[in-house]
**Student:** 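This is the structure I have questions about; it appears just below.
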Protein chains: 2
Amino acid sequence: MMELKTRPRTAQTLREALEDDIAVGRYPPGSRLDEVTLAKRFAVSRTPIREALIELSVAGLVEIRPRRGAFVRDIGISRLVEMFQVMAELEAMCVRLACRRMTAQEQAELVAAHEACILAADQQTPDGYFHANERFHEAIYAASHNGFLAEQARALQNRLKAYRRLQLRVRNRVKGSLAEHQAIVDAVLEGDAEKAENVLRSHILIQGERFNDFVASLGEQRS
Amino acid sequence: MMELKTRPRTAQTLREALEDDIAVGRYPPGSRLDEVTLAKRFAVSRTPIREALIELSVAGLVEIRPRRGAFVRDIGISRLVEMFQVMAELEAMCVRLACRRMTAQEQAELVAAHEACILAADQQTPDGYFHANERFHEAIYAASHNGFLAEQARALQNRLKAYRRLQLRVRNRVKGSLAEHQAIVDAVLEGDAEKAENVLRSHILIQGERFNDFVASLGEQRS
DNA sequence: TCAATTGTTTTTGTATACAATCGAATGGAT
DNA sequence: ATCCATTCGATTGTATACAAAAACAATTGA
């Protein structure tokens, strides 16, 4: 047994805790989320656990099959590609708007985030790059000045988190990602909305494709 | 008092029932959704009511302020415009994909839906047009062959339902909507993805603008 | 040996009971 | 009369109890 009872100090919600556990692979896709087990783990009753699971199911991370329980949603590769396609379009929309509306501070933040990415890439710390990358994209969402769009983008990014993380393991992907970021920053600073949009769109789409390759290569190894 | 106890025969879920009640204006924006009242109305305990409210809050229709209850989300005019902007982009993406990938049956369904719209418009029954219109857009979502995208589009359309309904009351809007539909169908049949995308995008955006006008005109009346 | 049916056990779904918090009302002081 | 504090009521959040359904196991029959 010997389970850690719960996450220590941070007063996050149950939903967030479960979200992280799923993203980090503690509960792998397809696995069953037993209510009483979770209740014991977090030292609460089943009620708040159920409520958290319902939230996650609406958010799409978990699938609740009536009368038989909650399962970590196992996203097929084709659906994953679909999700990256939508993500690409949302982000493209974000930069397009950002080009027109972003303030000087927001431009500065974008550049700063980009430089943080470069730094993190130098240090060969993939997790560091992951976080810097999140900051970079967040800067774009915020600069769109469309709060609803930003929320949608964040929500979807969150759902894809686990897969994006994996994706960075692909050979030379960090380097490529960085070059694409550079092109995006350049286009934004030039005010070339169309170019920025196109570069960002393919920056995201490429992730879906690379992930596809990644999975395919796993399949080859096995055979 | 004299409340109807619950919707009669249809075995919809609690969430759907509340969704409809909100869309139809039974619970206007900003109003409080008292758990015990709802529980009595639907003749269930608070537990399933709470779970439904949580679903609605994640879906964005309801806002849960901790320790003080659930409220029908009052969407400000500017946020509404933001939502229509995103909706426009999602639908544009749908037709773009649909142009490339739709089957003959799907084309036929789109045309059929369009004809149903014309019919409903002739009969001057705004609610009839509303439903025919939903069918038309659903045809486009489905034809995108991107299941995730279709889900997102449906979800957002659902959130905007109440406002789209109101919006059709604007003078000559049905006529204009119909003309736009015709242009979309034409472009799709020609296989002109770019044209279809642009027409559909402005078809949605116009709704946000018209809604804006609508609200503004209400303001004038009051003063 | 395998299939099917029945009985047991586990787990979800719902109701109810209890605890904690918020807000309104009341009362007192300036 | 107004403002602040305290108390009481109402309502949310959580725990527990109960009902119903599904998964599982065992036993019986072919």
Side-chain angles (χ1 to χ4, degrees), chain A residues 1 3-22 26-74, chain B residues 1 3-22 26-74:
Chain A
M1 274 308 185
E3 291 271 358
L4 357 174
K5 244 317 159 43
T6 168
R7 74 262 91 101
R9 43 206 164 288
T10 45
Q12 32 181 356
T13 72
L14 267 181
R15 192 197 102 248
E16 287 170 314
L18 284 172
E19 229 169 58
D20 282 356
D21 284 349
I22 290 172
R26 170 164 194 162
Y27 301 112
S31 63
R32 195 172 128 59
L33 298 170
D34 183 68
E35 293 180 0
V36 300
T37 308
L38 289 172
K40 271 192 282 202
R41 183 157 104 76
F42 289 104
V44 294
S45 79
R46 275 177 56 220
T47 312
I49 295 288
R50 286 197 110 241
E51 298 188 341
L53 289 176
I54 288 168
E55 289 183 51
L56 291 176
S57 84
V58 177
L61 275 150
V62 152
E63 188 183 349
I64 292 181
R65 296 209 270 280
R67 283 277 171 204
R68 53 192 53 187
F71 298 80
V72 179
R73 190 144 182 192
D74 191 0
Chain B
M1 272 307 185
E3 291 272 358
L4 358 172
K5 243 316 160 41
T6 169
R7 71 263 92 97
R9 42 206 166 287
T10 45
Q12 30 179 358
T13 159
L14 222 54
R15 193 197 101 249
E16 288 170 312
L18 284 172
E19 230 169 55
D20 281 357
D21 283 350
I22 291 172
R26 171 165 193 160
Y27 300 113
S31 62
R32 195 172 128 58
L33 297 170
D34 182 67
E35 293 180 0
V36 300
T37 308
L38 290 172
K40 272 190 283 202
R41 182 156 105 77
F42 289 103
V44 293
S45 80
R46 274 179 55 218
T47 311
I49 295 288
R50 284 198 111 239
E51 298 189 342
L53 288 176
I54 288 168
E55 289 182 53
L56 290 176
S57 84
V58 177
L61 275 151
V62 152
E63 188 182 350
I64 293 182
R65 296 211 270 281
R67 285 278 171 203
R68 54 191 53 188
F71 299 80
V72 178
R73 191 145 180 192
D74 191 1

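Throughout, a chain's letter reflects where its sequence line sits, starting with A, and its residues are numbered from 1.
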**Student:** Check the distance between D:dA22's P and A:E35's CD and give it to me in whole angstrom.
**Tutor:**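 That distance rounds to 15 Å.
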**Student:** Quick one: which of D:dT14, C:dT12, C:dA15 gets closest to the side chain of A:R32?
**Tutor:**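 Selected nucleotide: C:dT12.
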**Student:** Send over the distance from B:F42 CZ to C:dA15 P, rounded to a whole Å.
**Tutor:** 13 Å
**Student:** Is A:R65 touching bases, backbone alone, or none of the nucleic acid, heavy atoms closer than 4.0 Å?
**Tutor:** nothing
**Student:** Separation of A:R68 atom CZ from C:dT9 atom P, in whole Å?
**Tutor:**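 Result: 22 Å.
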**Student:** Less than 4.5 Å apart, any side-chain heavy atom of A:L61 and any of A:R73?
**Tutor:**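 No - every pair of side-chain heavy atoms lies 4.5 Å or more apart.
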**Student:** Taking the side chain as C-beta and beyond, is there a heavy-atom pair between B:T37 and B:K40 under 4.5 Å?
**Tutor:** no
**Student:** Please give, in whole Å, the distance from C:dT11 P to A:L53 CG?
**Tutor:**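 Computing the A:L53:CG to C:dT11:P distance gives 15 Å.
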**Student:** Answer yes or no: is there a side-chain heavy-atom contact under 4.5 Å between A:L18 and A:F42?
**Tutor:**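 With C-beta onward as the side chain, the pair touches.
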**Student:** Does a side-chain N or O from B:T47 land closer than 4.0 Å to OP1 or OP2 of C:dT14, or not?
**Tutor:** no
**Student:** Are A:Y27 and A:L38 side-chain neighbours, meaning at least one heavy-atom pair lies under 4.5 Å?
**Tutor:** yes
**Student:** Can you check whether B:R68's main-chain N or O pairs, donor with acceptor, with B:R32's side chain at less than 3.5 Å?
**Tutor:**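 Pair found, side chain donor or acceptor close to backbone of B:R68.
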**Student:** Report the distance from atom CZ of A:R46 to atom P of D:dT16, rounded to the nearest whole Å.
**Tutor:**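 In whole Å, D:dT16 P lies 12 Å from A:R46 CZ.
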**Student:** Return the 5'-most residue of the pair B:L33, A:S45 with respect to DNA chain D, ranking by each residue's nearest nucleotide.
**Tutor:**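 It is B:L33, whose closest nucleotide lies nearer the 5' terminus.
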**Student:** Under 4.0 Å, heavy atoms only, any strand: does B:R67 hit a base, just the sugar-phosphate, or nothing?
**Tutor:**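 Base contact - B:R67 has a heavy atom under 4.0 Å of at least one base atom.
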**Student:** Taking for each residue the nucleotide of DNA chain D with the nearest heavy atom, is it B:G69 or A:P66 whose nucleotide lies nearer the 5' end?
**Tutor:**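 Residue closer to the 5' terminus by nearest nucleotide: B:G69.
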**Student:** Where the side chain of B:V44 is concerned, which of D:dT14, D:dA17, C:dA15 is the nearest nucleotide?
**Tutor:** C:dA15
**Student:** Nearest whole Å is fine: how far is C:dT9 C1' from A:D34 CG?
**Tutor:**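 One finds 14 Å between C1' of C:dT9 and CG of A:D34, rounded.
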**Student:** Would you mind reading off the distance between B:E51 atom CD and C:dT16 atom C1', rounded to a whole angstrom?
**Tutor:** 15 Å
**Student:** Roughly, in whole Å, what's the span from NZ in A:K40 to P in C:dT11?
**Tutor:** 9 Å
